[in-house]
Amino acid sequence: MIYLALTSEKFERVMNSIPDGAKTKKFLFLSPEYDQLRKWKDALAKRDFEFIELSKLLHEISNSMTKPFLDLLGKLSKKYASDLWWGNRISERNTLINSLFLNCCYLKIADSITKENQEVILILVRHPSLLDSIEQNCKSNKIKFAKLSSSDRGSTFGRLARFRKVISNLFLQSFRGLKCRMKSEKKENEMLQNHSDPPVLLHTYFSCNNINRDGTFKDIYFPGLREWFSSKGLNVLILPVHSGFENPSDFFEVLERLDIPHINPHIHLSPLDYLRAIARFIKSMNIPSPKDSFFLGSIDCSNLFMVERRVFHPDLFRFFLYEPMFSKLRKNGFRACHLIYEFENMIPEKLLNLAFCKYFPHAKKVAYQHGSICSNFLCYFISGQEVPVAPLPDKIVCNGTFSQEILARNGFPEERLFSGPALRYSHLATANRSEQADHDTQWDVLCPLPLMEEDRLELLTMIKEAYGSDNTFKVCIKPHPMQSQKLFEENQMPDNFEIISDQSLDELSHKSKFVVGMASSSLHEAVCLGQEVIVISRQTGLNFNPLEFFPDINRVAFDQQELLQMSHRILSQKREDKIEYRNRCKKILEDSFTIVSDRTLATFLP
């Protein structure tokens, strides 16, 4: 008998619905919510429920589902190829923030487990759409089930209230943009007119965290590139994307004060441009059509896709404004030498590419792959059906030969891939760890935290339970640069833990014996620094492990016991084994991150 419930359901209600007579009772937790997992796990253990381990199975299922999922999106891309489709989270397949692919994997797992087992199984899920999909799957396979939670989508009044919320947000963003236009129009026009030669247009990101101690901005995606172009006699205009500023005018005032040549998109937009963008944004939330087929093998994922398309992502609206912005720039006589932007194959760059190509068709587009690659990050995959219709750049500059090979393997056209400089990792060329004695280190364990909240909570819990009660381990916690210190004020750390946020990973690595992490490019960077690394696997979520491509050094701990065993093994390593490991790390560094030089920087030229 299968029992279906939401993770938000009350424990007493669920228990009262399941008879006590069954000899074997199991539960399957299909949600990445680690805090909820711990609550349910502790409570159900007292009722003799056995937890169905998921981490290894989910890893296998996600690998097997990747190709059919990409093929399905490839078919939809051929049908819907337009800014409406490319501005849609479904087409983006960003598995870091979008739960669609993960829910498809969960549905596949539920399908296989419910068919194979005759015991009492409680299935707990986060999303009502997944609950409905599992219910439908049980009906189709004639499996006995009981649904313990309601997945009601709300009344007509509720849907109208939601639509009003969407419209209100879009109009508020438009009002702030128009207000920004009134403040900065004169300065912008003077800036554009001062360029006699067509400038290089550099699309990049800025936030409050990108401000140096001296008050200047640092470009986290393209450090040093603007200065290099200037040294070659080329003008550079920044097309910035800002975050952390409630009003766009506050951000552009900072750029003006620092005298950074830039384009303020809002200056070129009229009220009518905003209204048209609002209309297209809302249209993008209504594709694909319910009439399309959403089968992955024998699994019907229709409900998952239909619910996902209705999710409101207000941060995407501004990228629908690129088209009218470039239209106005072209009419005003603006010309661009070529466009450079970050390459993550996400919505902002796709809408940028489409709009720029429409009004400047002869100017080249160069994109930069700037970070590490993980197998579950599906933005870095593309199907053969999607390649001919996707808004891809003319040239993709990778930060090393390794990334170039991976992107080619993942379906991107080889003729567009080039190995260029590792701008963000230039310090690694001289920072590989020396053979210092381990007794010189300050900490045993360095733990760089990932940005995503659920990953961070699970990692912190694991290391606190493993090392917190053992004072022989000294642990250094490095918060993500975009994390608030308040997170640690609310969570008590053990006495042998220390939080360091004002030093780089390079500095902290030299003061630590090994690194423990979960999901970030910092793990790849630590290996290139010659550090031993242990990767913690998520119990019920997707792993974003950049070391999967290096199986000979990829240590993965699935529980606390494995983490401690691996930790002691590293500390007791022989000197010759350490030397062999560091030599392997040097090879990985050479392949992964190319040295910054005039020759490699020249790959950014069209």
Side-chain angles (χ1 to χ4, degrees), residues 372 425 427-428 431-450 455-456 458-480 493-494 496-500 503-538 543-589 592:
S372 296
Y425 303 96
H427 62 283
L428 294 177
N432 194 269
R433 184 177 178 178
S434 62
E435 295 180 20
Q436 62 192 38
D438 283 335
H439 58 74
D440 291 338
T441 58
Q442 188 172 346
W443 300 285
D444 298 294
V445 185
L446 170 60
C447 180
L449 297 181
D455 293 9
R456 181 175 65 247
E458 189 165 351
L459 176 58
L460 275 174
T461 303
M462 174 78 86
I463 63 170
K464 283 166 68 175
E465 291 180 350
Y467 303 128
S469 58
D470 188 348
N471 287 327
T472 59
F473 284 97
K474 294 180 180 179
V475 181
C476 173
I477 303 293
K478 175 173 170 50
H480 191 279
M493 291 290 125
N496 56 324
F497 280 51
E498 190 172 357
I499 300 166
I500 305 291
Q503 297 184 42
S504 68
L505 181 69
D506 181 13
E507 293 173 301
L508 295 176
S509 176
H510 281 77
K511 301 173 184 178
S512 307
K513 294 179 182 177
F514 62 95
V515 173
V516 174
M518 180 171 281
S520 76
S521 59
S522 61
L523 303 183
H524 194 172
E525 186 176 349
V527 165
C528 292
L529 288 167
Q531 277 284 22
E532 300 274 1
V533 175
I534 301 174
V535 183
I536 304 296
S537 173
R538 294 213 62 192
N543 287 313
F544 296 95
N545 176 11
L547 303 185
E548 279 187 84
F549 300 105
F550 312 105
D552 55 330
I553 64 159
N554 184 33
R555 294 188 184 88
V556 181
F558 290 93
D559 54 42
Q560 179 182 333
Q561 184 179 358
E562 286 188 354
L563 174 58
L564 284 171
Q565 288 174 349
M566 291 178 181
S567 300
H568 286 294
R569 201 173 300 138
I570 289 173
L571 293 180
S572 61
Q573 249 185 350
K574 295 179 181 179
R575 186 173 182 276
E576 53 267 30
D577 292 332
K578 293 180 182 180
I579 293 173
E580 182 181 349
Y581 176 82
R582 287 169 185 163
N583 287 335
R584 172 68 176 120
C585 291
K586 289 177 182 178
K587 174 61 177 161
I588 292 174
L589 171 60
S592 300

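These numbers were taken from a predicted model, which means no experiment stands behind them.
- Rounding to the nearest 0.5 Å places NZ of K464 at 11.5 Å from CG of N496.
- With contacts defined as side-chain heavy-atom distances shorter than 4.5 Å, the pair L446/L505 qualifies.
- Between the side chain of S592 and the backbone N or O of L589 there is no donor-acceptor pair closer than 3.5 Å.
- Checking side-chain atoms of K578 against main-chain N and O of E532 turns up no donor-acceptor pair under 3.5 Å.
- Checking side-chain atoms of Q531 against main-chain N and O of S512 turns up a donor-acceptor pair under 3.5 Å.
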Discussion item. The test is side chain to side chain donor-acceptor pair (under 3.5 Å); show your working for H427 and E525 and say whether it passes.
Written reply: CA-CA 10 Å; H427 62 283; E525 186 176 349; 2.8 Å; yes
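- Side-chain contact check for V533 versus I553: every heavy-atom pair is 4.5 Å or farther apart.
- Of the possible donor and acceptor atoms, none in the side chain of N554 sits under 3.5 Å from a partner among the backbone N and O of F550.
- In plain terms, the two heavy atoms of N543 and S537 that are nearest each other are ND2-OG, 3.1 Å.
- A side-chain donor-acceptor contact under 3.5 Å links D444 to the backbone of K474.
- For the pair I534 and A557, the tightest heavy-atom approach, listed with the atom from each and the gap, is CG2-CB, 4.1 Å.
- The side chain to side chain contact (heavy atoms under 4.5 Å, CB included) with F497 is formed by just one residue from the set W443, F473, Y467; it is Y467.
- Q442 CD to I500 CD1: the interatomic distance, rounded to the nearest 0.5 Å, is 7.0 Å.
- The heavy-atom pair separating I477 from P479 by the smallest distance is O-CD, 3.5 Å.
- Of the possible donor and acceptor atoms, one in the side chain of Q560 sits under 3.5 Å from a partner among the backbone N and O of E465.
- Nearest heavy atoms, D455 versus R538: OD1-NH1, 3.0 Å.
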Worksheet entry | Residue pair L571, K513: steps toward the side-chain contact (heavy atoms from CB on, under 4.5 Å) verdict | CA-CA 8 Å; L571 293 180; K513 294 179 182 177; 3.7 Å; yes
